[in-house]
Amino acid sequence: QVQLVESGGGLVQAGGSLRLSCAASGRTFSRYAMGWFRQAPGKEREFVAAINRDGSRTYADSVKGRFTISRDNAKNTVYLQMNNLKPEDTAVYYCAATSGGIYYYNGPPATERGYVYWGQGTQVTVSS
């Protein structure tokens, strides 16, 4: 069982930056691929970025070049650095973890069904 707690959300002006953190419980964090998703009001939850056990990354086209996902296995934490934020980035951001022990040779999952554990979310609001 993995518990995930997100932090770092807030209100920022367009063009600004935020760094989200997701702290995971347990001693086997390095065995999980991790992902970030977001859900804007009235919309379905969508994929943002994911990172494999070996550090390989996948991004949604809408955030490529602006967002960076990283992980610190010693701290059981995954990060999402968000730069050049836009009003359309406004959403609740969720951290997610896959089943432990799986290496994704074709890159970490980019769909919700690839993830087993979810955090409660953190609100990001970008004003214009």
Side-chain angles (χ1 to χ4, degrees):
Q1 190 77 4
V2 177
Q3 292 185 326
L4 304 173
V5 179
E6 304 96 335
S7 62
L11 173 64
V12 64
Q13 289 187 331
S17 298
L18 282 175
R19 188 176 80 156
L20 305 183
S21 299
C22 173
S25 64
R27 295 177 292 178
T28 59
F29 175 75
S30 62
R31 301 180 69 231
Y32 298 87
M34 302 294 296
W36 285 97
F37 290 76
R38 67 186 181 186
Q39 187 169 21
K43 296 187 177 181
E44 294 186 352
R45 189 154 55 183
E46 66 175 4
F47 170 75
V48 176
I51 186 165
N52 221 337
R53 291 165 53 186
D54 64 353
S56 57
R57 301 170 174 89
T58 300
Y59 294 96
D61 288 343
S62 60
V63 306
K64 280 181 181 177
R66 300 189 298 122
F67 291 11
T68 302
I69 188 171
S70 61
R71 65 188 300 159
D72 186 336
N73 290 336
K75 295 183 178 180
N76 282 14
T77 301
V78 62
Y79 304 97
L80 185 68
Q81 178 66 44
M82 307 185 294
N83 298 328
N84 191 21
L85 282 160
K86 304 175 181 180
E88 52 263 42
D89 294 319
T90 295
V92 177
Y93 283 70
Y94 297 90
C95 173
T98 62
S99 295
I102 300 174
Y103 179 73
Y104 298 90
Y105 289 92
N106 294 323
T111 60
E112 288 186 56
R113 64 177 179 269
Y115 294 85
V116 176
Y117 305 103
W118 292 84
Q120 292 300 307
T122 185
Q123 176 70 47
V124 172
T125 303
V126 184
S127 63
S128 58

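Everything numeric in this text was worked out from a predicted model, so none of it was measured.
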Check your understanding: Hey, any chance Leu85 and Phe37 share a hydrophobic cluster, counting ILVMFWY side chains that come within less than 4.5 Å of each other, even indirectly?
Key -> no
Exercise for review: Go through Arg38 and Leu80 one step at a time and tell me if the side chain to side chain contact (heavy atoms under 4.5 Å, CB included) criterion holds.
Suggested key: CA-CA 12 Å; Arg38 67 186 181 186; Leu80 185 68; over 6 Å; no
Review point. Got a second to check how far Gln39's CD is from Glu112's CD, nearest 0.5 Å?
Key: 7.5 Å
**Study point:** Interatomic spacing from CH2 in Trp36 to CZ in Phe47 - rounded to 0.5 Å
**Key:** 12.5 Å
Point to revise | Side-chain donor/acceptor of Tyr59 to backbone N/O of Gly65, under 3.5 Å | key: no
Study note, to complete from the structure: Nearest heavy-atom contact between Leu4 and Cys22 is CB-SG, 3.9 Å
Study note, to complete from the structure: Rounded to the nearest 0.5 Å, the CH2 atom of Trp118 sits from the CZ atom of Arg45 at a distance of 4.0 Å
Point to revise | Check: Val5 main-chain N/O paired with Gln120 side-chain donor or acceptor under 3.5 Å | key: no
Check your understanding: Under the 3.5 angstrom rule, does the side chain of Thr90 hit a backbone N or O of Val126 as a donor-acceptor pair?
Key -> yes
Practice item. Return yes when atom CD of Gln123 has more than 12 non-hydrogen atoms of other residues, nucleotides or ligands closer than 6.0 Å, and no otherwise. Key: yes
**Study point:** Heavy-atom pair with the smallest gap, counting every atom of Ala14 and Pro87
**Key:** CB-CD, 4.1 Å
Check your understanding: Ignoring hydrogens and geometry, is there a side-chain-to-backbone donor-acceptor pair from Thr98 to Ala33 under 3.5 Å?
Key -> yes
Exercise for review: Flag this pair as yes if the NZ/CZ of Arg71 is under 6.0 angstrom from the six-membered ring centre of Tyr32 and inside a 45 degree cone about the axis; otherwise no.
Suggested key: no
Review point. Under 4.5 Å between any side-chain heavy atoms of Ser70 and Arg57, yes or no?
Key: yes
Check your understanding: What pair of heavy atoms forms the shortest contact from Ala40 to Ala91, and how long is it?
Key -> N-CB, 3.8 Å
Point to revise | Linked, directly or transitively: Tyr117 and Ile51 (ILVMFWY side chains, under 4.5 Å) | key: yes
Revision key, fill the gap. Sorted by chain and residue number, the salt bridge (charged side-chain N to carboxylate O under 4.0 Å, His left out) partners of Arg19 (sequence neighbours excluded) come out as none
Revision key, fill the gap. For Thr77 and Ser21, the nearest pair of non-hydrogen atoms, with its separation, is CG2-CB, 4.2 Å
Check your understanding: What are the two closest heavy atoms between Glu6 and Gly121, and how far apart are they?
Key -> OE1-N, 2.9 Å
Practice item. Mind listing the closest non-hydrogen atom pair of Val116 and Ser99 along with its distance? Key: CG2-OG, 3.1 Å
Point to revise | Donor-acceptor contact below 3.5 Å, side chain Arg66 vs main chain Ser62 | key: yes
Review point. Tyr94 and Val48: same hydrophobic cluster, using ILVMFWY side-chain contacts below 4.5 Å?
Key: no
Study note, to complete from the structure: d(Asn76 CG, Ser30 OG) to nearest 0.5 Å is 8.0 Å
Practice item. Decide whether Tyr115 and Val78 are clustered together by the hydrophobic rule: side chain heavy atoms of Ile, Leu, Val, Met, Phe, Trp, Tyr closer than 4.5 Å, transitively. Key: no
Review point. Does the pair Leu20 and Met82 meet the rule for a side chain to side chain contact (heavy atoms under 4.5 Å, CB included), with working shown?
Key: CA-CA 8 Å; Leu20 305 183; Met82 307 185 294; 3.7 Å; yes
Review point. Between atom OG1 of Thr122 and atom CG of Leu18, what is the distance when rounded to the nearest 0.5 Å?
Key: 9.0 Å
Review point. If you measure from CD on Glu44 to CD on Glu46, what distance do you get to the nearest 0.5 Å?
Key: 10.0 Å
**Study point:** Check: Asp54 main-chain N/O paired with Asn52 side-chain donor or acceptor under 3.5 Å
**Key:** no
Check your understanding: Hey, quick one: are Ile69 and Tyr93 part of the same hydrophobic cluster, counting side-chain heavy atoms closer than 4.5 Å, chains of contacts allowed?
Key -> yes
Check your understanding: Can a donor-acceptor pair be found between the side chains of Asp72 and Tyr79 at a distance below 3.5 Å?
Key -> no
Check your understanding: Salt-bridged, Asp89 to Lys86, with N to O below 4.0 Å?
Key -> no
